[in-house]
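Below is one structure, written out as structure tokens, with a few remarks after it.
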There are 2 protein chains.
Amino acid sequence: MTDATHSPDAKAPDRVTAQDVARLAGVSQSAVSRVFTPGASASKATTAKVRAAAEQLGYRPNVLARSLITGRTRIIGLVVAYLENQFYPVALELLSRALQAKGYHVLVFMASNATEGVSEVMAELLDYQVDGIITASVAMTNDLTTRCDAAGIPVVMFNRGQADPRLSEVTSDNIAGGHAAACHLIATGHRRIAHVMGWQGASTGRDRAQGFSNALADAGLAPVAMIDGMFSRDTAAQATRDLFGAPFDSGDRPDAVFVGNDHMAFAVMDVLRFELGLDVPGEVSVVGYDDVPLASWPAYDLTTIRQPVRRMVDATVDLILGQIEGDHDPHTIRIDGTLIQRGSVRDRNNHKDKDR
Amino acid sequence: MTDATHSPDAKAPDRVTAQDVARLAGVSQSAVSRVFTPGASASKATTAKVRAAAEQLGYRPNVLARSLITGRTRIIGLVVAYLENQFYPVALELLSRALQAKGYHVLVFMASNATEGVSEVMAELLDYQVDGIITASVAMTNDLTTRCDAAGIPVVMFNRGQADPRLSEVTSDNIAGGHAAACHLIATGHRRIAHVMGWQGASTGRDRAQGFSNALADAGLAPVAMIDGMFSRDTAAQATRDLFGAPFDSGDRPDAVFVGNDHMAFAVMDVLRFELGLDVPGEVSVVGYDDVPLASWPAYDLTTIRQPVRRMVDATVDLILGQIEGDHDPHTIRIDGTLIQRGSVRDRNNHKDKDR
DNA sequence: TTGAAAGCGCTAACAC
DNA sequence: GTGTTAGCGCTTTCAA
């Protein structure tokens, strides 16, 4: 364990360079370069010689040196605030795979939600000469946008919108989604509906709340409560206690909760069932947002608005690669979500009298 | 939406170089370099002038150009197979933050479990001249190890072991963990214990099974069954059906299951409760492995062996940075896990007669 | 098609 | 302490 099993002082194992290959193949270094450059021209003979020599030496071009010239790193910076909400690891995995398939790779930057942290992180991102930036669950400040714009680095916001016309964004139609959730609850006979909202500092949180409110208003209903759950499990749990913990006159208690995302919805269900002893969906119906894998597990079996991650990811990849290729116009892409009906909502239309 | 809001043809926004700063500050380009190089010396006066000029121009050194000379990219390649199991996103987040704090960044590579895929991915990794590689839930082949070794790139395996003495690894003590799980089950009066194992192609899966077997043997017990759950939710679910689905003579049914990780344990519990109508822990006790966040949520409230992710991550980061700094000896680090008792195990010692 | 030569943006000797 | 010089490993004119 104390001696190296390999050569005694294997310090700098001197990379194999194109020069080395050239020497062995008996051609110029530029010939080697051409063989490894997609668009370039080289005779069959040279190509063969070079490939053979490269193989023998285990040569592979240094991407970084190449980048210095071409100005392209094929690295996409991904800024993410937290991976606790299952939606993001799933998106990250898909994003990474999709980009990988196109010859790009993802450099991950974790940001605290604090603006300051994001700013620092963005600066580092630019230092790496990334070809583009994808932000997920992170807000761009005006200053940041300006800096990226100045550096000519395209930015695509994933699952978050911003009023800035310089920014591209990919989201689901959150207003429609919030609307659909509310309509479903109304249609299934609920009348005392509360909303534990997604973080109101984020467009997603706001839009879903907005759609929800609109639908209720259209039906002549007022929400029992609208509480900001901050996309946090703890905050949502506390909101649920506040909402349901107080003693109720019969019929005053909410009969349904629409929650700003699945991650919080799980917390809401946990508190409802295990702290307050309320039956879901028997006494309270719950609707979430996202349709993360866990939502379909029988322990939760959560009715929710599905965000089509795969399609959102594809759109994001197309967008960012398009911008890298030179399409400098920002685009706003909105992808339709769908209501996924599961077991956390009870149809109360035919059981108005049965209260248990 | 069709016209760019910014300057009409903002094609290549020409990076600000050290040369530009030098000109503005009235110093040489190398002076600028020194000001931005940690170890270098520059007079107060120059430093001030340079910083001012840099600020004014928005200059930041090009990390890649620097890397070309120093041979250090401050990029760590992370190879991961799947982020579905919550353990990995958590680890990824911690890993990324820890590395970020030390000035490094994580380039993510998703690998299919197939060896071939890993190999391709590794090659790309080397192309980027990463300073080190961390693999999580991925196996290294002999050839791969040789290649990394030849390139002088340190590799640390996270949460997986390998017999190869050239490789460093950080795991929890899985044998001890499996042993502890079994002992707990035995101590709480279980006698018909099954094991839905972690993937037997992985050291973690094997070691946990081994510890489990040992403990049972020591107690003079034989496992009711040992089934490979492949670390997959579906496979584990099917194993559970096979195990409990058949009609049993009274007392033949397993009274406890130890599952190779939490991710599978959730599947086992779901099938037990919602498909087979068995009460956990009333009729069957379940123990998992990892202690992912979800394990503590009341819907599962899973007794499990905690893998101290934070400490494992810290060890991994120390290890890889140490190797980058020149410590070329591989290390094997094993971190103790702890049994976390929750509600998925029932003490059957005082209720031997009560079978409901 | 191919080689020679000029650099990409930077660091690291080396003299001054 | 500072400027000068020589590259890091590669792509890309430019002639040949």
Side-chain angles (χ1 to χ4, degrees), chain A residues 11-51 53-54 57-75 126-131 151-152, chain B residues 11-51 53-54 57-75 126-131 151-152:
Chain A
K11 306 249 62 167
D14 291 324
R15 294 278 302 162
V16 181
T17 73
Q19 195 59 254
D20 301 330
V21 178
R23 241 183 319 263
L24 180 60
V27 297
S28 78
Q29 183 265 326
S30 15
V32 176
S33 169
R34 286 193 193 98
V35 171
F36 284 94
T37 305
S41 58
S43 72
K44 281 231 161 181
T46 343
T47 305
K49 278 191 295 186
V50 168
R51 286 227 178 277
L57 263 37
Y59 169 78
R60 290 205 133 223
N62 182 330
V63 197
L64 266 38
R66 172 182 288 167
S67 302
L68 202 51
I69 295 192
T70 60
R72 297 294 190 74
T73 54
R74 303 191 79 85
I75 295 179
L126 299 186
D127 295 349
Y128 276 101
Q129 315 294 120
V130 296
D131 289 347
Chain B
K11 307 247 64 167
D14 291 325
R15 294 275 304 162
V16 181
T17 74
Q19 196 57 256
D20 300 331
V21 178
R23 244 186 314 265
L24 180 59
V27 297
S28 79
Q29 183 265 324
S30 21
V32 176
S33 170
R34 287 192 193 99
V35 171
F36 284 94
T37 306
S41 57
S43 73
K44 284 234 158 177
T46 351
T47 305
K49 276 191 296 186
V50 169
R51 287 227 177 278
L57 263 36
Y59 169 78
R60 290 206 131 220
N62 181 331
V63 196
L64 267 36
R66 172 182 289 167
S67 302
L68 201 52
I69 294 194
T70 60
R72 299 291 192 73
T73 53
R74 303 190 79 85
I75 296 180
L126 299 186
D127 295 349
Y128 276 102
Q129 315 294 118
V130 296
D131 289 346

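Throughout, a chain's letter reflects where its sequence line sits, starting with A, and its residues are numbered from 1. Just so you know, these numbers use all the heavy atoms, side chains as well, and skip hydrogens, waters and symmetry mates.
The side chain of B/Ser43 places no N or O atom within less than 4.0 Å of a non-bridging phosphate oxygen (OP1 or OP2) of D/dG1. B/Thr46 has a side-chain polar atom (N or O) that falls below the 4.0 Å cut-off from OP1 or OP2 of D/dT2.
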(request) For nucleotides 8-16 of chain D, just jot down a letter per nucleotide in 5' to 3' order: B, S or -, based on protein non-hydrogen atoms under 4.0 Å. (result) BBBBBB---
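Side chain of A/Ser28 to backbone of A/Ala31: a donor-acceptor contact under 3.5 angstrom is found.
Distances from the side chain of B/Ser41 to the nucleotides D/dT4, C/dG3, D/dG1 place D/dG1 closest.
Using a 4.5 Å heavy-atom threshold, the side chains of A/Pro61 and A/Arg66 count as touching. At a threshold of 4.5 Å between non-hydrogen side-chain atoms, the residues B/Tyr59 and B/Arg51 do not count as touching. Counting only heavy atoms from C-beta outward, the side chains of A/Lys44 and A/Thr47 never approach each other to under 4.5 Å. Inter-residue side-chain proximity for B/Val27 and B/Lys49 is flagged as met; some heavy-atom pair is nearer than 4.5 Å. Side chains of A/Val63 and A/Ile75 form no contact here, defined as non-hydrogen atoms less than 4.5 Å apart.
As a whole-Å value, the separation of A/Arg72 CZ from C/dC8 P is 18 Å.
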